[in-house]
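Working notes, structure below.
Excluded from the calculations below are hydrogen atoms, water molecules and symmetry mates; all remaining heavy atoms, backbone and side chain alike, are included. This structure is a prediction, so every number in the text was calculated from the model and none was measured.
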Amino acid sequence: FSFLKEAKARTTMTMRGGKAKMQEAMEQQNDEMTDKLAGKVELLRKISINIGKEIEDQNTELDGLNDKSGNILESLGGTMKGLMGLATSGGTRPLLVKSVAMFGIFIVIYFFSSRYSADP
């Protein structure tokens, strides 16, 4: 019987050793996966920071465009007031001549401003 007890003790120790090795391998695998996850979290953090910076840049750009469009609307409002003043000052023929002249001047100004202020 001592032989059986000894064999059983060795088997139990081998199983315990196997469990320990298995548990150690699982711990190592868990650590590797944790490191990979930490790397991915860091990558996501950097991406979100870059997205935030891009949003801020685009908002600044949109604010500038909004200011420019506001200035254009004010300018057009002044032009319309001028045209209304011209319309009330004379008959139909002088009004037509003045309107065509204003339109021509507007086209010339637009042409030169778009040609010389365009981004490369």
Practice task
List in chain and number order the residues that pass side chain to side chain donor-acceptor pair (under 3.5 Å) with Gln58, two or more places apart in sequence or in another chain; answer none if no residue qualifies.
Solution key: Glu54
Exercise for the section: Applying side chain to side chain donor-acceptor pair (under 3.5 Å), name anything that partners Glu32, two or more places apart in sequence or on another chain. Expected result: none
How many angstroms lie between [atom1] in [X] and [atom2] in [Y], if you round to the nearest 0.5 Å?
| X | Y | atom1 | atom2 | result |
| --- | --- | --- | --- | --- |
| Leu44 | Leu37 | CG | CG | 9.5 Å |
| Lys46 | Glu42 | NZ | CD | 5.0 Å |
| Thr34 | Asn30 | OG1 | CG | 4.5 Å |

Exercise for the section: Could you state whether Val108 and Phe111 fall into the same hydrophobic cluster, counting links through intermediate Ile, Leu, Val, Met, Phe, Trp or Tyr residues with side-chain heavy atoms under 4.5 angstrom apart? Expected result: yes
Problem - side chain to side chain contact (heavy atoms under 4.5 Å, CB included) partners of Leu43, counting only residues at least two apart - result: Ile47
Exercise for the section: Name all residues meeting the side chain to side chain contact (heavy atoms under 4.5 Å, CB included) criterion together with Ile49; count only those two or more places apart in sequence or in a different chain, and write none if there are none. Expected result: Arg45, Lys53
Problem - Residues which pass salt bridge (Lys or Arg N to Asp or Glu O under 4.0 Å) with Glu56, listed by chain and number, not counting sequence neighbours - result: none
